[in-house]
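This structure is in structure tokens; I'll ask about it shortly.
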Amino acid sequence: QVQLVESGGGLVQAGGSLRLSCAASGRTFTSSAMGWFRQAPGKEREFVSAISWSGGRTDYADSVKGRFTISRDNAKNTVYLQMNSLKPEDTAVYYCATVRRFGVPLTSYEYDYWGQGTQVTVSL
């Protein structure tokens, strides 16, 4: 059984920064792609970023390019999402997800395990 536990969410003013973490257990982390998604109230879950198993490939939604950075530490079985220059429209519950495959999956249905989510709220 794979478990993903997100942390690092919170309340921040616009222009501020947060770093989300997602700790994984239960499966070989180094053979799994990792992704971050978010869901705002009344909206569908959307892709934010993904990283390949080696960390050599990453991808981002256009809305976060240049502001968010995804990274991973395979020794710690943890993936991170550094979020800078936060905007009120970044407010959402952020979820990490994993799937045992190569590449950087961009859609939610490609992932097979999900965390419980962490709330990020950006105020004006």
Not counting sequence neighbours, which residues clear side-chain contact (heavy atoms from CB on, under 4.5 Å) with Ala40? List them please. Lys43, Ala92

Could you list the residues that satisfy side-chain hydrogen bond (donor to acceptor under 3.5 Å, both in side chains) with Tyr95, not counting sequence neighbours? none

Checking the side chain of Glu6 only, and the main-chain atoms of Cys96 only, is there a donor and an acceptor separated by less than 3.5 Å? yes

With sequence neighbours left out, what residues match Arg72 under salt bridge (charged side-chain N to carboxylate O under 4.0 Å, His left out)? none

Can you tell me how far the CD atom of Glu89 sits from the CZ atom of Arg38, to the nearest 0.5 Å? 8.0 Å

Kindly assign one of parallel, tilted or perpendicular to the pair Tyr94 and Phe68, based on the angle between their ring planes and the thresholds 30° and 60°. tilted

Please name all residues satisfying salt bridge (charged side-chain N to carboxylate O under 4.0 Å, His left out) with Arg67, sequence neighbours left out, ordered by chain then number. Asp90

Under the side-chain contact (heavy atoms from CB on, under 4.5 Å) rule, collect the residues that match up with Lys65, sequence neighbours excluded. Tyr60, Asp62

What pairs with Arg100 under side-chain hydrogen bond (donor to acceptor under 3.5 Å, both in side chains), at least two apart in sequence or on another chain? Ser31

Would you find more than 12 non-hydrogen atoms of other residues, nucleotides or ligands less than 6.0 Å from Glu44 atom CD? no

Shared-cluster residues of Phe102, by chain and number - hydrophobic side chains joined below 4.5 Å: Trp53

With Gln82 via side-chain contact (heavy atoms from CB on, under 4.5 Å) - residues at least two apart: Ser17, Arg19, Thr69, Asn84

What residues form a side-chain contact (heavy atoms from CB on, under 4.5 Å) with Ser25, not counting sequence neighbours? Gln3

Partner residues of Asp73 under the salt bridge (charged side-chain N to carboxylate O under 4.0 Å, His left out) criterion, sequence neighbours left out: none

Taking transitive links into account, so neighbours of neighbours count too, which hydrophobic residues share a cluster with Tyr109 at under 4.5 Å side-chain distance? none

Who pairs with Arg57 by side-chain hydrogen bond (donor to acceptor under 3.5 Å, both in side chains), at least two apart in sequence or on another chain? none

Taking every non-hydrogen atom, the tightest pair across Val104 and Ile51: CG1-C, 3.6 Å

Rounded to the nearest 0.5 Å, how far apart are CG of Leu4 and OH of Tyr111? 11.0 Å

